[in-house]
Amino acid sequence: MALASAERAAVTAAAPPSPPKAKRRSHSRAEQRAGTAFAIPGVVLLLVFVIGPAVVSLVLAFTNARLISPTPPEFVGLENFQRAFAEDDLFHKSILNTFLFAAIVVPLQGGLGLVLALLVNQRLAGRNFFRTVFFLPVITSMVVVSLLWRFMYQEDGLVNSALSMVTGGAWAGQAWLSEPSTALGAIVVMSVWQGVGFHMIIWLAGLQTIPEEVYEAGELDGTTPWQRFRHLTLPLLKPTFVFVLITITIAAMSLFVQVNIMTGGGPVGSTSTLVLQIVQKGFQQQQMGYGAALSLIFFCIVLALALVQRRLTRDKD
């Protein structure tokens with residue numbers, strides 16, 4: 001007993017004395033002040049560039065405000081929304097084009113990204129080179145890419161020259177961006193080519209989180225490569241799948257730069273999109289109230305799609 005008491009006394013003596021409560025409270029308050037000081041710039045930027053413009057846009061959506069006008073804006077209620085859904089045929093066409101573009105690009109870009117990720121994830125010579133090549137269009141400016149592909153799609157451009165060479169001169173060539181039947185499809189091809197590298201990297205990151213032991217156990221059970229992909233890889237990639245699905249959908253619904261540079265929404269509105277309509281109405285035609293109403297409609301559509309996708313892809317448990 002005496003020995004145990006002596007040991008406890010020695011441990012107590014060796015341990016540093018705990019700081020008084022007043023000193024701990026002083027440190028805690030100093031940390032809180034420091035955290036607040038670091039957070040203030042971010043909060044100010046959020047208020048000025050995100051929350052503030054969103055509130056202003058929400059208010060303008062119910063007015064007839066113009067970008068430059070000597071008369072002050074007037075409250076018009078739901079008139080802008082009624083105009084969009086009941087009177088604006090170009091708005092209807094823009095909604096259709098936007099959904100059609102997203103319906104094609106989302107599965108195509110996501111699927112090709114997964115295929116490329118599976119290829120560059122193999123232990124093959126030169127895989128880092130191919131990763132760089134596939135990702136290079138992503139880090140290239142969309143403006144530059146759109147200008148490049150606009151020249152390639154011309155009647156005497158690279159696309160028609162390549163098709164003519166492949167077909168032995170049988171292909172006469174056409175102006176892809178000048179025909180309503182091919183303009184949107186041409187933009188789809190360019191958009192998939194430009195963005196597939198980004199989603200390849202996301203899929204690749206998900207693949208590399210899967211332990212090798214999982215595949216080794218599958219091989220010991222005598223499974224084929226397809227069975228391992230279907231029953232092991234795909235279920236373990238579900239979080240990555242959800243992220244890729246939502247990000248591709250939001251990016252596809254926000255289609256603007258490609259259309260603005262390559263076609264301007266033409267020909268005959270065949271490539272007009274919701275975001276292009278918002279910019280044209282709000283800034284080019286100076287109808288800020290109507291443009292704000294269209295942006296509110298666009299926000300509700302994208303939010304609804306994201307919520308539906310999240311609900312459909314959530315875990316059952």
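At distances below 3.5 Å, at least one donor-acceptor pair connects side-chain atoms of S295 with backbone N or O atoms of A292. Listed for the Q122 side chain is a donor-acceptor partner under 3.5 Å among the backbone atoms of L118. A donor-acceptor distance shorter than 3.5 angstrom exists from the side chain of Q109 to the backbone of S191, with no hydrogens or angles considered. The backbone N or O of R66 sits nowhere less than 3.5 Å from a side-chain atom of Q286 that would complete a donor-acceptor pair. Side chain of N80 to main chain of N64: no donor-acceptor pair is present (N/O by atom type, distance under 3.5 Å, no hydrogens or angles). One N or O on the side chain of T98 and one on the backbone of L274 form a donor-acceptor pair closer than 3.5 Å. The main-chain N or O of D156 is never found under 3.5 Å from a side-chain atom of N160 such that the two would form a donor-acceptor pair.
Residue F135 comes nearest to F198 through the heavy atom pair CE1-CA, 4.0 Å, listed as atom of the first residue, atom of the second, then distance. Here the shortest heavy-atom pairing between P267 and P180 reads CG-N, 3.6 Å. Closest approach of V105 and V192 over heavy atoms only: CG2-CG2, 4.3 Å. Taking every heavy atom of both residues into account, T271 and I187 meet most closely at CG2-CD1, 3.9 Å. Among all heavy-atom pairs drawn from W176 and A186, the shortest one is CB-CB, 4.3 Å.
Criterion: ILVMFWY side-chain heavy atoms under 4.5 Å apart, direct or through other members. Under it, L158 and L147 are part of a common hydrophobic cluster. The hydrophobic cluster containing L60 does not contain I278, counting ILVMFWY residues as joined when their side-chain heavy atoms lie under 4.5 angstrom apart, directly or transitively. V44 and I51 sit in two unconnected hydrophobic clusters of ILVMFWY residues. Membership requires side-chain heavy atoms under 4.5 Å apart, directly or through other members. If you chain together hydrophobic residues whose side chains sit under 4.5 Å apart, I201 and I210 fall into the same group. Side-chain heavy atoms closer than 4.5 Å link hydrophobic residues (I, L, V, M, F, W, Y) into clusters, and following such links, possibly through other members, connects F129 to L116.
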_Evaluation steps, side-chain contact (heavy atoms from CB on, under 4.5 Å), between N260 and V279_ = CA-CA 10 Å; N260 188 44; V279 174; over 6 Å; no

*Go through L47 and V50 one step at a time and tell me if the side-chain contact (heavy atoms from CB on, under 4.5 Å) criterion holds.*
CA-CA 6 Å; L47 288 173; V50 179; over 6 Å; no

*Worked verdict on H231 versus T223 for side-chain contact (heavy atoms from CB on, under 4.5 Å)*: CA-CA 10 Å; H231 298 289; T223 58; over 6 Å; no

*Show your reasoning for whether side-chain contact (heavy atoms from CB on, under 4.5 Å) applies to M262 and M190.*
CA-CA 11 Å; M262 298 176 71; M190 187 275 289; 3.4 Å; yes

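Between the side chains of T233 and Y215, a donor-acceptor pair is found at a separation under 3.5 Å. For the residue pair S94 / S272, a side-chain donor-acceptor distance below 3.5 Å is found, with atom types taken as modelled.
When the shell of 6.0 Å around CD of E79 is examined, it contains 12 or fewer heavy atoms from other residues, nucleotides or ligands. Around CD of E219, the count of heavy atoms belonging to other residues, nucleotides or ligands within 6.0 Å exceeds 12. Shown here is Q208, whose CD atom has more than 12 heavy atoms of other residues, nucleotides or ligands within 6.0 Å.
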Which atom pairs, donor and acceptor, lie under 3.5 Å between side-chain atoms of residues 83-92 and protein residues at least two apart or in another chain?
| residue | atom | partner | partner atom | Å |
| --- | --- | --- | --- | --- |
| R83 | NH1 | Q287 | OE1 | 3.0 |
| R83 | NH2 | Q287 | OE1 | 2.9 |
| D88 | OD1 | L90 | N | 3.1 |
| D88 | OD1 | F91 | N | 3.2 |
| D88 | OD2 | Y290 | OH | 2.6 |
| H92 | NE2 | A84 | O | 3.3 |
| H92 | NE2 | F85 | O | 2.8 |

